[in-house]
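Remarks on the structure that follows.
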Amino acid sequence: MNQRRGQFTGVVCANIPLCREHFKLVMEVRGFPPTKAGQFVQLLCRSTRDLDYVERELEWPSPQRPEVENVDLIAPTALLRRPFSLAGATTDGETATIEVIHRVVGVGTDWLVQLRTGDEVGILGPLGNTFSHPVENQIAILVGGGVGIPPMLYLASELVGKKVIAFCGATTRDLLSLTVTADARTPGIDSIEPLYNIQEFAAHGIPAVISTDDGSYGFRGFVTQSLQEYLDRFRIRGEMAVIYTCGPEVMMKRVADLARARQIPCQVAVERAMACGMGTCQSCCIRVKKPDASAVPLPGQDWCYRLACTDGPVFAGEELLW
Amino acid sequence: MNQRRGQFTGVVCANIPLCREHFKLVMEVRGFPPTKAGQFVQLLCRSTRDLDYVERELEWPSPQRPEVENVDLIAPTALLRRPFSLAGATTDGETATIEVIHRVVGVGTDWLVQLRTGDEVGILGPLGNTFSHPVENQIAILVGGGVGIPPMLYLASELVGKKVIAFCGATTRDLLSLTVTADARTPGIDSIEPLYNIQEFAAHGIPAVISTDDGSYGFRGFVTQSLQEYLDRFRIRGEMAVIYTCGPEVMMKRVADLARARQIPCQVAVERAMACGMGTCQSCCIRVKKPDASAVPLPGQDWCYRLACTDGPVFAGEELLW
Amino acid sequence: MIDLSVHLAGLKLANPTMTCSGTCGYAFEYGDFMDLSQLGAFVTKSVTREERPGNPPARIVETRGGMLNAIGLANVGLKRFLDEKVPQLEKMPCPIVVNVAGHSYDDYVETVAAMNPIACVGSVELNVSCPNVKDGLTFGTNPGRLKELVHEVKKVLPAKPLMVKLSPNVDDVAVTARAAIEGGADVLTLVNTFTAMSIDIHRRRPRLANVTGGLSGPAIKPIAIHMVSRVYRQVAKAAGVPIVGMGGVQTWQDAAEFILAGASAVAIGTALFVDPAAPNKICEGLGEWVSKQGAEKLSDLVGTVQMPGD
Amino acid sequence: MIDLSVHLAGLKLANPTMTCSGTCGYAFEYGDFMDLSQLGAFVTKSVTREERPGNPPARIVETRGGMLNAIGLANVGLKRFLDEKVPQLEKMPCPIVVNVAGHSYDDYVETVAAMNPIACVGSVELNVSCPNVKDGLTFGTNPGRLKELVHEVKKVLPAKPLMVKLSPNVDDVAVTARAAIEGGADVLTLVNTFTAMSIDIHRRRPRLANVTGGLSGPAIKPIAIHMVSRVYRQVAKAAGVPIVGMGGVQTWQDAAEFILAGASAVAIGTALFVDPAAPNKICEGLGEWVSKQGAEKLSDLVGTVQMPGD
Ligand SMILES: Cc1cc2nc3c(=O)[nH]c(=O)nc-3n(C[C@H](O)[C@H](O)[C@H](O)COP(=O)(O)OP(=O)(O)OC[C@H]3O[C@@H](n4cnc5c(N)ncnc54)[C@H](O)[C@@H]3O)c2cc1C
Ligand SMILES: Cc1cc2nc3c(=O)[nH]c(=O)nc-3n(C[C@H](O)[C@H](O)[C@H](O)COP(=O)(O)OP(=O)(O)OC[C@H]3O[C@@H](n4cnc5c(N)ncnc54)[C@H](O)[C@@H]3O)c2cc1C
Ligand SMILES: Cc1cc2nc3c(=O)[nH]c(=O)nc-3n(C[C@H](O)[C@H](O)[C@H](O)COP(=O)(O)O)c2cc1C
Ligand SMILES: Cc1cc2nc3c(=O)[nH]c(=O)nc-3n(C[C@H](O)[C@H](O)[C@H](O)COP(=O)(O)O)c2cc1C
Ligand code: FES
Ligand code: FES
């Protein structure tokens with residue numbers, strides 16, 4: 001198996017609606033290197049044909065593809081690639097099977113939704129850093145909100161056999177990209193009792209607490225509220241646990257605050273608009289504390305910018321100034 | 001039935017390969033006005049969804065279509081519409097069925113090729129002027145080359161019962177967008193004997209002479225050569241006949257010359273790059289003789305420009321300076 | 001009811017959608033394809049003193065997200081405009097702006113003077129920026145000549161507001177905008193097209209017979225938005241001169257962007273070739289947007305993009 | 001065998017594909033994604049005398065066929081560049097061009113002077129046109145200051161060819177091109193990005209924290225082609241100064257268009273984000289094109305678009 005990052009073509013195995021607006025895209029990618037939770041890929045949200053003009057034009061004349069005289073007209077839908085966290089990955093010899101969960105928010109994701117089995121997707125990756133696993137006996141607390149759930153699923157698959165609990169939230173049940181097992185007990189509207197009724201986590205033996213803002217499933221309120229209740233009830237502090245989080249910025253900030261107040265280490269996977277995804281364009285900057293030699297200090301300031309794509313996407317909660 | 005030109009949505013009934021690179025696109029269009037041979041339509045060679053952003057965004061929130069925040073990204077393949085001659089039209093109450101034959105040469109036609117039954121196509125039309133029918137006892141000689149054959153098919157359908165003969169040419173048999181009936185005699189390589197073996201013309205009782213540049217079917221040589229031989233052999237001159245032609249510019253020029261030398265009236269359907277198709281942009285100009293009040297004279301010149309989209313596409317062969 | 005009306009100096013529009021000169025003919029060409037009575041104002045093709053045949057073909061070519069044109073101001077000339085087109089314009093169900101171009105002060109003055117007495121002409125737009133005709137460029141890129149031209153022209157148009165259409169092919173469009181206002185412009189319209197070129201790499205020759213042409217369409221929109229914003233904040237707002245924004249408007253979202261940047265009205269050009277009903281759809285979309293923004297009048301939103309310093 | 005080699009004053013490239021400053025990092029960032037040894041030359045991110053954190057986010061936004069960036073010259077500064085990046089650059093398998101930006105004559109002179117003795121640096125490119133930093137603009141749009149700057153900088157770079165990168169935000173790019181050549185530029189590179197803006201119409205604020213940004217990508221290509229063609233024919237050809245063309249190059253066809261317009265080499269920027277292997281593919285495609293055109297050397301095709309008057 002190839003160990004180097006690179007440009008690959010994935011073949012779609014499945015593209016399954018998980019709930020309103022969220023889809024799971026499973027792709028087989030020959031030669032894709034090993035990956036870890038936290039990493040992401042840059043997907044070309046338009047036909048890979050657009051990139052391969054060299055070969056195609058040289059084939060002319062061909063009954064299949066015309067010589068496009070005026071290549072200016074090859075106007076794709078989404079010019080730049082779009083970053084997506086890995087939601088899982090397995091390998092079988094030379095071929096990796098990778099998963100992303102995408103939420104339809106614009107033209108790029110709208111193109112992804114229309115993918116069918118057998119279609120091809122251009123992939124750059126794997127990119128970014130990874131979550132650090134918990135040390136012996138630490139409880140891993142996975143906190144995912146909305147489109148931040150996918151990296152938590154990948155992390156869960158890596159933590160099988162460890163002490164893990166997941167907290168997931170969505171605005172409403174329709175937007176919850178998780179599978180509730182049919183035989184499961186329905187969690188109470190004010191209960192934070194962890195249940196094994198979320199298939200994606202239960203498959204790894206991991207209990208989960210679900211919250212929805214409107215109470216349409218599980219705990220009524222924000223995921224940060226159920227998390228806070230849990231941390232308080234079980235007096236979780238300091239190195240006892242490590243919190244992993246990904247989701248909307250306001251949620252991650254609150255999670256980082258809850259962790260900091262209790263001296264619990266916290267690893268945050270951030271999102272930023274990205275052009276390159278590999279440290280060349282400087283578009284994905286995020287403010288962090290404690291400038292060190294590898295970061296640019298602002299004169300007279302105690303913060304600097306780091307790049308979400310290469311220094312991250314995973315950062316320590318306490319260093320982030322957002 | 002609506003009598004006004006306008007913007008319509010056609011529903012694809014069929015999109016059939018006729019030969020390498022040529023496809024027949026049949027569309028049903030509710031409310032489409034009556035048309036005549038010579039006229040053309042402006043096809044939107046991309047999804048009509050692109051045009052209807054108003055309605056779609058206002059539907060939000062909807063599980064179907066996301067609110068695209070940044071509409072800049074709706075980058076279609078072909079920005080401008082593409083003009084296509086009508087190859088035929090029939091009406092049934094409120095609904096017209098129109099045909100175009102398109103040759104794949106670039107991004108717009110590449111998009112058309114991928115259309116399937118039930119897909120929608122944005123149509124502006126009908127546009128342009130029409131061929132004038134032959135007067136009593138005149139022989140109508142239809143001369144079509146390559147992508148100029150479609151308007152000749154439409155004209156043939158209008159001339160049923162009249163004296164008509166068709167001359168069609170292509171570089172090679174593979175590029176001939178016509179159907180040879182199975183039981184037909186194969187025409188000789190140096191014969192201009194008109195046969196009833198081309199289904200599209202034979203259906204209207206019209207004999208046809210086919211030429212291919214390489215002799216792979218019918219007369220070996222240019223369509224203009226077989227036409228010349230025919231005109232000479234049967235001493236066709238003056239008002240005895242009227243020639244209609246559409247095809248590559250070099251072919252049409254030669255046809256117009258042959259006609260002029262014999263004082264045969266000739267109607268030429270020209271092609272020009274077009275943005276609007278309805279006389280607003282002035283992009284489709286063509287040089288004609290005899291400036292009259294409605295054309296702009298060049299000081300000291302005996303020619304002026306006319307618009308292919310509204311003054312044409314059909315012009316008298318003798319007035320064209322190309 | 002949302003109030004979409006716009007006042008462009010003396011010219012009142014029921015809504016902010018206009019057509020771009022040169023993309024909509026002289027009058028009823030789009031009559032079958034759009035509802036002209038729903039148009040804020042109609043702007044004619046440029047009229048010059050003498051008839052002009054225009055450039056040889058090819059006159060247009062499509063590029064990524066845009067098109068080049070080198071029409072060369074093909075038009076019927078002043079005399080035939082008055083004889084043939086004005087009677088048509090009199091029947092139009094919306095306000096009319098006549099776009100005037102020329103090669104000398106005299107050209108402009110004579111043509112504009114001819115418009116002053118015509119009742120159906122609501123305003124005149126000066127095209128000082130068409131990049132296809134050699135002399136046209138100098139007026140639009142030289143602030144001194146521009147001011148003088150506008151001043152001369154304004155004298156012969158006492159009865160109507162004068163619009164001046166700015167070229168984007170300049171160091172700083174705020175400088176030419178100021179010159180136009182000092183010369184007496186009542187309304188600024190921007191932008192005209194960008195000088196550009198496309199080459200056929202197989203035949204190794206320019207795609208346009210005129211070699212260069214003007215780039216229009218969605219590709220130029222972000223530059224046009226910047227220019228409108230700059231002119232609004234640097235010059236036009238303080239001077240009380242309204243702006244008509246254009247360059248790549250296709251959807252109501254594009255139009256809203258221009259309005260927030262500082263345009264009181266927007267003009268639609270290239271998009272008409274794709275969808276002649278675009279102005280009508282834009283008008284509808286803007287109405288919904290204004291109400292979603294909690295405003296009652298579109299004019300309350302003009303120039304209200306919130307800048308960091310504000 | 002087709003000869004694709006290019007001579008840019010003293011700098012020899014095996015083929016005409018370069019990277020655009022600011023779109024490819026400092027050295028090996030794309031090492032896993034493209035074959036750096038097949039690159040004609042690598043151009044670093046702009047280096048300034050002092051470290052710069054750059055603008056606050058959002059720093060980019062996509063537009064129709066292009067993107068805006070307002071990075072604000074975020075870079076490690078001269079000292080760390082020398083300490084950390086030069087050792088990397090020494091290992092690069094292709095010629096290196098260091099792009100230098102600054103706010104004053106002294107800034108430029110000091111930074112450029114530091115490059116003169118570094119063996120692995122083949123050439124320096126002056127960024128006098130970055131529209132995101134206030135003072136940067138004045139050098140690039142004022143011919144007098146530009147000439148003086150180039151003159152000063154050239155003095156401290158005796159050992160290497162000097163490239164000057166021109167801004168497209170000017171009345172006439174031939175004027176700044178001439179100033180740069182008079183100042184002593186050995187190579188001209190054009191174009192940098194166009195000042196532009198995008199507004200979020202729902203939140204009614206600019207999409208970029210810096211309000212304006214630079215437009216790059218396919219959308220600007222026709223304007224860039226025109227500018228290269230104009231500079232080549234008006235100034236550079238006669239002066240014997242080669243041009244590096246850029247602005248929207250995605251495919252070999254785009255590169256061929258720049259070459260016909262007068263560019264000796266082409267640089268690829270925005271397209272790298274989409275396909276980091278684009279320069280390699282372009283190189284391959286150009287080879288086939290040159291032979292189809294019946295030429296033996298790519299350099300024979302530079303500037304050979306056939307103009308009507310020729
Ligand atoms: C490291 C990383 C991991 C991500 N993982 C996932 C994931 O697993 N699943 C998923 O659905 N999405 C994920 N995203 C977000 C995803 O990249 C955006 O939703 C996507 O780019 C939107 O593209 P679009 O063309 O559909 O929308 P656009 O039309 O480009 O934009 C629609 C809206 O999304 C916002 N947006 C655009 N790009 C980004 C971006 N890069 N980050 C945040 N917001 C953006 C825009 O501002 C706009 O409001 C991730 C982003 C990053 C940076
Ligand atoms: C009145 C009229 C009737 C036409 N009827 C037919 C028809 O019945 N069937 C058919 O297949 N084609 C017809 N055409 C030509 C058709 O419009 C072009 O083939 C089409 O626009 C190509 O679009 P594209 O995006 O596929 O190619 P592009 O990528 O736009 O161009 C590919 C090649 O075609 C050339 N081209 C582009 N537009 C035109 C144009 N309008 N006229 C001539 N050449 C052009 C380009 O210069 C280029 O060489 C007609 C054109 C006109 C003006
Ligand atoms: C085909 C065409 C012809 C044009 N003719 C004129 C003209 O005669 N006078 C003028 O002032 N502007 C002319 N323009 C410029 C437009 O009025 C408008 O300023 C420009 O196209 C930008 O708007 P858009 O992107 O919506 O097309 C023309 C534009 C096009 C595309
Ligand atoms: C994200 C980004 C950052 C850039 N940074 C710089 C820079 O630091 N210095 C510079 O001279 N040009 C910079 N540019 C401009 C490019 O070098 C190039 O001139 C421009 O993008 C046009 O080429 P393109 O269309 O191929 O991207 C930057 C462009 C982009 C997109
Ligand atoms: S996305 Fe380009 S540097 Fe991070
Ligand atoms: S295509 Fe616009 S005038 Fe003919």
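Throughout, a chain's letter reflects where its sequence line sits, starting with A, and its residues are numbered from 1.
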Query raised in the report: Nearest 0.5 Å, what's the NZ-OG1 distance between C:K45 and B:T280?
Result: 9.5 Å
Query raised in the report: For chain C, which residues from residues 267-274 of chain B lie under 4.5 Å away (heavy-atom distances)?
Result: B:R272, B:A273, B:M274
Query raised in the report: Looking at residues at least two apart in the chain, or sitting in another chain, which of them share a salt bridge (Lys or Arg N to Asp or Glu O under 4.0 Å) with C:D106?
Result: none
Query raised in the report: Quick one: CG on C:D275 to CG on B:L44, what's the gap to the nearest 0.5 Å?
Result: 8.5 Å
Query - Partner set under ring pair (Phe, Tyr, Trp, His ring centres under 6.0 Å) for C:H226, not counting sequence neighbours - result: none
Query raised in the report: With distance as the sole test, does B:R5 use its side chain to make a donor-acceptor pair with the main-chain N or O of C:D32 at under 3.5 Å?
Result: no
Query - Structural part of C:A277 lying under 4.5 Å from a heavy atom of chain B - result: both
Query raised in the report: Taking the six-membered ring of B:Y305, is NZ or CZ of C:R59 closer than 6.0 Å to its centre and within 45° of its axis?
Result: yes
Report task. Could you tell me which residues in residues 120-129 of chain B have at least one non-hydrogen atom under 4.5 Å from a non-hydrogen atom of chain C, sorted by residue number? Result -> B:L124, B:G125, B:L127
Query - Between CD on residue B:Q7 and OH on residue C:Y30, distance to nearest 0.5 Å - result: 11.0 Å
Query raised in the report: With a cut-off of 6.0 Å (strictly less than), are more than 12 heavy atoms of other residues, nucleotides or ligands near NZ of B:K36?
Result: no
Query raised in the report: Hey, which of B:S283, B:G279, B:C284 has the most heavy atom pairs under 4.5 Å with chain C?
Result: B:S283
Report summary line: Value for SG (B:C281) from CE (C:M67), rounded to nearest 0.5 Å, stands at 6.5 Å
**Report entry** Side-chain touch B:R81/C:F273, heavy atoms, less than 4.5 angstrom
**Finding:** no
Query raised in the report: Within the distance-only criterion (no hydrogens, no angle test), does the side chain of C:E62 pair as donor or acceptor with the backbone N or O of B:A78 below 3.5 angstrom?
Result: no
Requested in this report: Give a yes or no on this: more than 12 heavy atoms of other residues, nucleotides or ligands lie within 6.0 Å of atom CD of B:E249.
Outcome: yes
Requested in this report: To the nearest 0.5 angstrom, please state how far the CD atom of B:Q282 sits from the CG atom of C:L73.
Outcome: 10.5 Å
Query raised in the report: Checking side-chain contact (heavy atoms from CB on, under 4.5 Å) for the pair B:M278/C:L272: CA distance, chi angles, key distance, verdict?
Result: CA-CA 11 Å; B:M278 51 187 82; C:L272 293 176; over 6 Å; no
